[in-house]
Amino acid sequence: MSESAPSAPAADRLLAALDDEQRQVAEALLGPVCVLAGAGTGKTRAITHRIAYGVATGAYDPRRVMALTFTTRAAGELLGRLRALGAEGVAARTFHSAALRQLHYFWPTVVGGTPPRVLDSKGALLGQASSSLKLGLDTAALRDAAAEIEWRKVSRLSIDAYARQAASRPLPGRLTVDAMASLQQEYERLKDERRQIDFEDVLLATAGMIEAEPRVAEEVRAQYRFFVVDEYQDVSPLQHDLLTLWLGGRRELCVVGDASQTIYSFAGATSDYLVRFGTEYPDARIVRLDTNYRSSTPVVQLANRLMRGRPGALTLRAAGDEGARGAEPTVTRFSDDAAEAAAVAESIARRIAAGTPPESIAVLYRINTQSIALEAALARQGVPVQSRADSRYFDQPEVRQAILLLRGASIAITDEPLFKSVSDVLRGLGWQQDPPAGGGAERARWESLTALLTLAEEAPAGTTLPVFVRELLRRQEQQHAPTRSAVTLSTIHAAKGLEWDVVHLVGLAEGLLPIVFAQGLEAIDEERRLLYVGITRARRELALSWAERPSAARAERAPSRFLDELRAPREG
């Protein structure tokens with residue numbers, strides 16, 4: 001056997017690491033494959049082993065494989081896992097980053113000159129468009145207008161076609177349909193005048209090039225022949241059309257998703273392509289992953305109760321023996337939001353004092369403003385927190401400065417242990433071994449720097465400082481943040497794809513979950529799926545709660561309608 005020939009023992013070891021359902025996924029290497037994967041069933045494990053198995057057996061040239069997902073963090077996780085499985089060379093990207101690479105590559109020869117600049121945000125340009133039309137939109141209304149533009153574009157609607165549908169949509173700032181259409185036209189005019197494009201234009205322009213230029217289509221399709229799409233329930237019509245163009249009539253496509261976790265319909269995502277995959281590809285291999293390895297039996301049972309009888313929902317089975325059942329989820333009623341936040345903070349503080357790591361605990365809620373009372377209550381208890389709404393880890397000033405100094409230190413030749421080299425640099429920034437008293441920005445800074453030291457501590461034996469710095473730069477590029485020793489505060493939307501041992505789901509009242517503006521059956525179903533995502537983030541313990549009123553002086557509100565269906569065993 002030559003050195004480059006596939007290794008049968010290595011391929012066999014890849015399959016041996018999977019359960020029977022996951023193994024079916026890994027062995028289905030060719031043709032259309034649809035994996036219906038419930039929460040916690042190991043879908044990422046299944047698809048990364050499938051790709052690695054295809055590479056190990058010689059079925060795939062790794063340079064011809066494209067794994068697509070929806071966030072930079074998820075793409076980074078896929079790359080890390082594939083590298084660990086020996087599948088070097090496979091591309092793992094978001095739809096936008098893959099399209100942007102192609103746009104930059106082909107623009108000079110197809111259009112000429114340099115590509116337009118991609119807008120970081122639509123806000124400033126929309127503000128100018130609003131001012132020129134004398135619409136007087138505030139910041140919140142401009143954010144909603146940007147969301148409407150994004151929805152229109154990913155739904156592949158012209159402004160005229162959008163206007164015909166807009167009468168049934170809640171428009172920002174109480175705009176009329178005509179005013180919203182005029183705002184979009186002015187936004188597009190300003191954008192074109194300044195040679196700028198937005199993120200949706202990146203997909204539209206790439207699709208347009210492939211459709212209009214046979215040479216572009218041929219070159220793109222020669223580059224990538226095998227496609228894997230994670231979180232397929234979140235694909236939009238525009239992304240589906242671009243994927244179809246990339247395939248060019250070929251059928252080497254594996255999609256993975258869960259209709260019960262479709263929570264971005266407001267942004268144009270639809271589970272239709274996942275649910276109807278067998279119609280689009282009549283001979284597709286359909287594999288179901290329904291063994292949940294994440295959550296205890298009571299948590300899985302609760303999730304099943306919530307989704308019982310819903311279209312496309314999988315009934316999950318908890319893995320493991322009955323001895324690992326875990327505690328029954330609880331539902332607790334509080335008089336007001338402040339009492340709820342105080343009780344949650346006290347419970348978390350007791351857990352941490354008893355030895356539970358802070359990073360294994362999360363508090364989840366429907367909207368960001370709910371975090372204010374929680375942050376204050378946790379600060380009073382001296383509990384460190386990290387918010388999913390915070391600036392990205394590698395964008396924090398202290399982290400950027402630390403990496404810059406580590407890069408400088410890595411130039412010098414030294415035999416010092418990695419841990420000492422990194423700790424010396426961090427001490428130069430004022431880091432100390434003991435955390436500062438209390439919470440606040442000082443504690444958050446300490447946690448961020450300590451996370452870098454933890455990465456050094458966990459690095460493989462013999463890792464040098466230059467190698468460690470290269471890994472940090474890779475993580476920085478992929479926004480693959482390290483774990484910090486802090487309780488996570490997050491909206492349920494931002495928590496998707498994550499998991500914790502202990503989860504507090506707060507604010508389960510009418511008007512919060514389901515949210516007050518969720519009107520109609522489809523919108524309420526989306527809120528149900530959002531609660532399902534929240535429940536399935538918990539590994540071992542789950543506490544649900546709601547408050548009768550926002551404050552002592554405000555009107556009462558009712559518990560969420562979903563609580564009746566869950567029939568939790570006890571309520572305080």
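Predicted model, so just to flag it, every value in this text is computed and none were measured.
- The six-membered or imidazole ring of Phe70 lies away from that of His96, with a centre-to-centre distance of 6.0 Å or more.
- What you find for Thr114 and Trp107 is that their closest heavy atoms are O-NE1, 3.4 Å.
- When only modelled atom types and interatomic distance are considered, Gln22 and Gln24 share no side-chain donor-acceptor pair under 3.5 Å.
- When only modelled atom types and interatomic distance are considered, Glu219 and Tyr105 share a side-chain donor-acceptor pair under 3.5 Å.
- In this structure the side chain of Ser260 reaches within 4.5 angstrom of the side chain of Met307, judged on heavy atoms.
- Side-chain contact check for Leu68 versus Leu243: some heavy-atom pair is nearer than 4.5 Å.
- Qualifying salt bridge (Lys or Arg N to Asp or Glu O under 4.0 Å) partners for Asp144, counting only residues two or more places apart in sequence or in other chains: none.
- Listed for the Gln184 side chain is no donor-acceptor partner under 3.5 Å among the backbone atoms of Ala181.
- A donor-acceptor pair is defined here as one N or O able to donate and one able to accept, closer than 3.5 Å; such a pair exists between the side chain of Arg537 and the backbone of Val533.
- Across every non-hydrogen atom of Asn292 and Ala39, the tightest pair is ND2-O, 2.5 Å.
- Side chain of Tyr264 to main chain of His493: a donor-acceptor pair is present (N/O by atom type, distance under 3.5 Å, no hydrogens or angles).
- Atom CZ of Arg215 has more than 12 heavy atoms from other residues, nucleotides or ligands within 6.0 Å.
- A salt bridge is absent between Asp19 and Arg45: the closest approach of a Lys/Arg side-chain nitrogen to an acidic carboxylate oxygen does not fall below 4.0 angstrom.
- A heavy-atom distance below 4.5 Å is not found between the side chains of Arg221 and Leu247.
- Within a 6.0 Å sphere centred on CZ of Arg250, other residues, nucleotides and ligands contribute more than 12 heavy atoms.
- Phe95 places a side-chain heavy atom less than 4.5 Å from the side chain of Val229.
- Every residue meeting the side-chain contact (heavy atoms from CB on, under 4.5 Å) condition with Thr41, not counting sequence neighbours, appears here in chain and number order: Ala37, Leu289, Leu316.
- Of all heavy-atom pairs spanning Gly268 and Pro237, the tightest one is O-CD, 3.4 Å.
- Defined by atom type and a distance below 3.5 Å, a donor-acceptor pair is present between the side-chain atoms of Glu148 and Tyr162.
- The number of heavy atoms from other shown groups lying within 6.0 Å of CG (Asp20) does not exceed 12.
- Salt-bridge annotation for Asp61 and Arg225: absent, with no side-chain N of the basic residue lying under 4.0 Å from a carboxylate O of the acidic one.
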| message | Walk me through whether Glu27 and Arg50 qualify under salt bridge (charged side-chain N to carboxylate O under 4.0 Å, His left out). | response | CA-CA 7 Å; Glu27 291 181 317; Arg50 178 184 185 270; over 6 Å; no
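- A donor-acceptor pair shorter than 3.5 Å cannot be found between the side chains of Ser410 and Arg470.
- Listed for the Ser97 side chain is no donor-acceptor partner under 3.5 Å among the backbone atoms of Arg93.
- Side chain of Tyr273 to backbone of Tyr232: no donor-acceptor contact under 3.5 angstrom is found.
- Side chain of Arg529 to main chain of Thr262: a donor-acceptor pair is present (N/O by atom type, distance under 3.5 Å, no hydrogens or angles).
- A distance-only check finds no donor-acceptor pair linking the side chain of Arg83 to the backbone of Leu78 [under 3.5 Å].
- The main-chain N or O of Trp151 is found under 3.5 Å from a side-chain atom of Ser155 such that the two form a donor-acceptor pair.
- Classification of Arg276 and Glu280 as a salt-bridged pair fails, no side-chain N sitting under 4.0 Å from a carboxylate O.
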| said: Show, in sequence, the C-alpha distance, side-chain angles and deciding distance for Leu274 and Cys34, and conclude whether the side-chain contact (heavy atoms from CB on, under 4.5 Å) test is met. | reply: CA-CA 8 Å; Leu274 175 69; Cys34 178; 3.8 Å; yes
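- The two residues Leu204 and Leu238 have their closest heavy-atom pair at CD2-CD1, 3.7 Å.
- For Glu499, the side chain to side chain donor-acceptor pair (under 3.5 Å) partners two or more places apart in sequence, or in a different chain, are Arg294, Arg539.
- Residue Val35 is tested with Ile286, Val256, Val255 for a side-chain contact (heavy atoms from CB on, under 4.5 Å); the sole match is Val256.
- Put simply, the side chain of Glu186 never gets that close to the backbone of Ala129: no donor and acceptor are under 3.5 Å apart.
- Side-chain atoms of Arg13 and Tyr53 include no donor-acceptor pair closer than 3.5 Å.
- Contact between Ala267 and Val154 at its shortest, heavy atoms only, is O-CG2, 3.3 Å.
- More than 12 heavy atoms of other residues, nucleotides or ligands shown are found within 6.0 angstrom of CZ on Arg81.
- Atoms CG and OG1, on Leu171 and Thr176 in that order, are 8.0 Å from each other to the nearest 0.5 Å.
- With respect to Asp258 and Lys43, no salt bridge is recorded, no charged nitrogen being found less than 4.0 Å from a carboxylate O.
- Counting heavy-atom neighbours within 6.0 Å of Gln185 CD, excluding the residue itself, gives a total above 12.
- Considering every non-hydrogen atom in both Ala99 and Leu203, the closest pair reads CB-CD2, 3.7 Å.
- Heavy atoms from other residues, nucleotides or ligands lying under 6.0 Å from CD of Glu522 number 12 at most.
- We find that Lys122 and Glu150 are joined by a salt bridge, their nearest charged nitrogen and carboxylate oxygen being less than 4.0 Å apart.
- Ion pairing between a basic and an acidic side chain is recognised when a charged N comes within 4.0 Å of a carboxylate O; Glu188 and Arg152 show such pairing.
- Contact of the Lys191 side chain with the Leu119 side chain is registered, since non-hydrogen atoms from C-beta on lie closer than 4.5 Å.
- Taking the side chain as every heavy atom from C-beta outward, Leu253 and Phe226 never approach each other to under 4.5 Å.
- Panel note: side chain Asp201, backbone Asp198; a donor-acceptor pair is recorded below 3.5 Å.
- Atoms CD and OG1, on Gln102 and Thr206 in that order, are 6.0 Å from each other to the nearest 0.5 Å.
- Side-chain N/O atoms of Glu526 and Ser265 include a donor and acceptor closer than 3.5 Å.
- Contact check for Val228 versus Met66: no side-chain heavy atoms found under the 4.5 Å cut-off.
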